[in-house]
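Report on the following structure.
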2 protein chains.
Amino acid sequence: MNEGVEWALHSCVNLCFIPGEAVTAKRLAAFYNLPTAYLNKQLQALTRAGILTSTSGPKGGFQLARRPDKISVLDVVTAIDGPEDAFRCTQILKSGPGADPKADYRKICVISQSMRKAELTYRRELAGKTIADLVRQVETSYPATADDTRNWFANLKS
Amino acid sequence: MNEGVEWALHSCVNLCFIPGEAVTAKRLAAFYNLPTAYLNKQLQALTRAGILTSTSGPKGGFQLARRPDKISVLDVVTAIDGPEDAFRCTQILKSGPGADPKADYRKICVISQSMRKAELTYRRELAGKTIADLVRQVETSYPATADDTRNWFANLKS
DNA sequence: GTAGAGTTACTCGGATACCCCATGTCCGAGTTATTAGGG
DNA sequence: CCCTAATAACTCGGACATGGGGTATCCGAGTAACTCTAC
């Protein structure tokens, strides 16, 4: 899995602490000492997926495109890592003896079915968790984090 | 995910159709027109993991190291693809402001927790399915496959 | 003081290099079947 | 005919190339804030 997924999720959570204001990739990157241009690339992907909105120029930056409880963790993962399953069925049965050339082995191969079923439970788990859930968990377990983060972004001078 | 996982699972199922006999990587590869040496590499990994046993020389080859109902799909996936989770938490929180240098953020970061929880359901699903289950499914849905496969391996002359 | 036009600085966005790992290949160590020869 | 030893062939095992995608970077298009001037 792409490493940018981790960055994207953390950035989305941080954006929740700075509502109604565009935050630049530069500042989001400085928060974790990440390479600015590369994080920008990930944020672009989130923008293309409709999760963030971007504005150019001074006072520009990124912000959430919709309410955090309408953004699932799966949305972010899919935006960064792509929609393909981890297990790619290449239908090797088609190269085997007695194969049906016009059959779709991605659907009828029991191995493909089993792997796909497991991935569906995985995706269902991620789809059931929203950015808002993550924020709530942070606020419950670490009450100071929200204010600390807000202050850090407010006081950042460079 | 490594493509060899697909090959390994299919090969394990095929080995179930040829009990009590060592099958060479060459023949297993010929069944699906796979590159022999590369499939051999995957079978080596299964051997290191204790899933297969290998014998050298003429009449050598691979066979299952234990009963198919004692080999889970997860065992095979782990043997080929490694034990690491797909989502690797790099603990970027450690580089953030107000971080605890001696904390293990892989355990306390809510994002890491969520991703890990989802992967656990994924692994649990794969752990609950055995090679024997796959074989049984094949035999139920495609009754001719078992005999056809046996005959193909028996009649292979090269 | 105010409006407006020009300038400046800043940000995103995509095009461009770099590098590591999955993919693919090859040759040697070891083992067993085979065979030839002698008893 | 039978036993033994040398031979040969076959297989796994790991070491060695190669290519594609993730990683990282840079520069240009566009935009909004700022400033200066004229009224």
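Here is the naming used below: chain letters follow the sequence lines, and residue numbers restart at 1 for every chain. What's counted below: heavy atoms across the whole structure, side chains too, no hydrogens, waters or symmetry copies.
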In residues 45-57 of chain B, what donor-acceptor pairs under 3.5 Å come from side-chain atoms, sequence neighbours left out?
unit_1: B:T47; atom_1: OG1; unit_2: B:L43; atom_2: O; d: 2.9
unit_1: B:T53; atom_1: OG1; unit_2: B:Q63; atom_2: O; d: 3.4
unit_1: B:T55; atom_1: OG1; unit_2: B:G61; atom_2: N; d: 3.3

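Which of C:dC12, D:dG13, C:dT32 sits closest to the side chain of A:A25 comes down to C:dC12. Distance from the side chain of B:K59 is smallest to C:dA33 among C:dA33, C:dG24, D:dA32. With distances taken from any side-chain atom of A:S56 to the nucleotides D:dT31, D:dC10, D:dT11, the minimum falls on D:dT31. Of the candidates D:dA24, C:dG13, D:dG14, D:dA24 carries the atom nearest the A:E3 side chain, counting heavy atoms from C-beta on. Comparing C:dC12, C:dA33, C:dA9 by their closest approach to the side chain of A:P58 singles out C:dA9. Nearest nucleotide to the side chain of B:W7, out of C:dT25, C:dG24, C:dA33: C:dG24.
For A:T55 and A:K41, each mapped to the nucleotide of DNA chain C holding its nearest heavy atom, the one lying further toward the 5' end belongs to A:T55. Place A:P35 and A:D81 on DNA chain D by their nearest nucleotides, and A:D81 ends up nearer the 5' end. Mapping B:R88 and B:G57 onto DNA chain D by nearest heavy atom places B:G57 closer to the 5' end of the strand.
Between the CD atom of A:Q42 and the P atom of D:dG22 there is a distance of 10 Å, rounded to whole Å. As a whole-Å value, the separation of A:N2 CG from D:dA24 C1' is 12 Å. Taking atom OH of B:Y38 as the reference point, atom C1' of C:dC21 lies 10 Å away to the nearest angstrom. Taking atom CG on A:L39 and atom P on D:dC26, their separation rounds to 16 Å, with Å as the unit. Distance, A:L43 CG to C:dG14 C1': 15 Å, rounded to whole Å. Taking atom CD of A:E21 as the reference point, atom P of D:dA32 lies 17 Å away to the nearest angstrom. As a whole-Å value, the separation of B:K26 NZ from D:dG13 P is 17 Å. When the C1' atom of D:dC10 is taken as reference, atom CZ of B:R27 falls 13 Å away, rounded to whole Å.
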- Apply salt bridge (Lys or Arg N to Asp or Glu O under 4.0 Å) to the pair A:D85 and A:R123, showing each step before the final yes or no. CA-CA 10 Å; A:D85 285 347; A:R123 295 173 101 85; 3.4 Å; yes
- Stepwise, does the side chain to side chain donor-acceptor pair (under 3.5 Å) test hold for A:S11 with A:N14? CA-CA 5 Å; A:S11 295; A:N14 279 343; 5.7 Å; no
- Message: Working note: B:T130 + B:D133, criterion side chain to side chain donor-acceptor pair (under 3.5 Å); need CA distance, chi angles, decisive distance, verdict.
- Response: CA-CA 5 Å; B:T130 69; B:D133 294 332; 3.2 Å; yes
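For A:P97, the side chain to side chain contact (heavy atoms under 4.5 Å, CB included) partners two or more places apart in sequence, or in a different chain, are B:F31, B:W152.
Looking at heavy-atom distances under 4.0 Å, B:A22 makes no contact with the nucleic acid at all.
At least one side-chain nitrogen or oxygen of B:S54 sits closer than 4.0 Å to the OP1 or OP2 atom of D:dG13. For D:dT11, neither phosphate oxygen OP1 nor OP2 lies less than 4.0 angstrom from any side-chain nitrogen or oxygen of B:N40. Listed pair B:R48 / D:dG13 fails the phosphate criterion, with no side-chain N or O lying under 4.0 Å from OP1 or OP2.
At a threshold of 4.0 Å, the pair B:E125-A:R124 does not count as salt-bridged, since none of the basic side-chain nitrogens sits closer than that to a carboxylate oxygen.
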